[in-house]
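Note that the structure is a prediction, hence the values are computed from the model and not measured. Note that ligands are numbered from 1 as they come in the structure, with each ligand's atoms numbered from 1 the same way. One is the number of the first residue; the rest follow in order along the sequence.
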Amino acid sequence: MIDETHDPDLLSWVESANGPEADFPIQNLPFAVLRRNGTAERFRPALAIGDQALDLHELHRTGLIRSSALDACMGSTLNPLMALGAAVTAGFRRDLSRLLRVDSKHVKTLETCLIPLSQVEYALPCEIGDYTDFFTSIHHATNTGRLFRPDSPLLPNYRWVPVGYHGRSSSIGVSGQTFPRPRGQIVLPGEESPVFEACRRLDYELELGIFVGAGNAQGQPVQMDDAADHVFGLCLLNDWSARDIQAWEYQPLGPFLAKNFATTISPWIVTSDALAPFRVPWTRADGEPDALPHLSSESNRTQGAIDVHLEVQIQTASMRSQGLPPYTLSRSNFTDSYWTVSQLVAHHTSSGCNLRAGDLLGSGTMSGAVAGSEGALIEITRGGANPVSLPNGETRAFLEDGDTVILGGYCARQGFRRIGFGTAVGTVLPAAPGAA
Ligand code: MN
């Protein structure tokens, strides 16, 4: 729903929120969990406004808002707030928006709740009980399918089932995450038997993460018309992938160790409410089948897709030491998705599976149809055959130790304020000492 909080003319008394390029204008109001850098303070929920965080524990102390939503923010995770559901969080957003507008009568008090974003460190925004990764870009599915299975790149189920697998939540980290290059079973070129070695074909995947809000009872699938009410918001998600381990292990049960060593998300969750102005019709190319009835609804057709611009950049260790800025590898858009967020939620629960507040769904690698929109190195380099040239003369077929990958995203539409996702940053470290 579009309401007063989306008014493009709203300005905040936090002046840094009012610039046209600000990721966090008053129309955004994303949530994270943070504390002051390098302190032993308790991590707590906060809201972003311009270049500041509004500490929700401090806000509670001021007594300016009394609501079940703010009470739910008094812990160290966002799960209790997420569980309250869409109607409550929409009201909370309106209350927060009013406090942060230029005409607020409480600026002096509220200023005591601000912490500069340059002085915070983040935790995961919630306890992620379960993590599921989907595969919703048909372009990514076709590009990678061709490399793994040249004869049948797109399997027949793809156009009917939102294909996914149950991932690993324990290794999900917030932006700034570092992790050692994984080791695993790899079949070297020309060999038939595997060796156990450090991954040689390490990749990123440019994805959006979808946080579940209110859950559903086991045995009671979420219907398409209700699915949007079960989504708290979106973040950026890098599904780091070991392609050589994946190629050997993935059949017949799907990804396992190739994906379970690290996943990096952005700290700020952009809420479903903030994304409302950027909803667009869900369409498929001519000749593609319509979804089955349990994955269809009128509102999904008219406004099921979300227009999110996505970008991935790399900065190698040598670029960092030369003071060179990150280099953009590709750009794509969430409208490249073959399935919508509501369809993922409805499909996930259609068996009777219960989702819980704070569960995370990955969209799958967002690749578009054209060159320059591939969401993973394996697609950009055609399986490593055509390495990317970087501005300092380095090349990359796959990621090297010390490489930092930076995901970014934003929404923009005529008549509304641009809102941003911030970044999800992760860095590959050398493989830990091991057997090989
Ligand atoms: Mn993935």
| Which atom, among the N/O/S set of Glu207, is closest to the Mn ion (ligand 1)? | OE2
| request: Would you mind naming the N, O or S atom of Asp239 nearest to the Mn ion (ligand 1)? | output: OD2
| query | By atom name, which N, O or S atom belonging to Glu205 lies closest to the Mn ion (ligand 1)? | reply | OE1
| Would you call the rings of Phe134 and His348 parallel, tilted or perpendicular if under 30° counts as parallel and over 60° as perpendicular? | perpendicular
| field | Check: Asp290 main-chain N/O paired with Arg159 side-chain donor or acceptor under 3.5 Å | value | no
| field | Residue Asp133 atom name (nearest to the Mn ion (ligand 1); N/O/S) | value | OD2
| said: Is the distance from the ring center of Tyr122 to that of Phe43 below 6.0 Å? | reply: no
| query | Is it the case that Thr404 and Thr427 place a side-chain donor and acceptor less than 3.5 Å from each other? | reply | yes
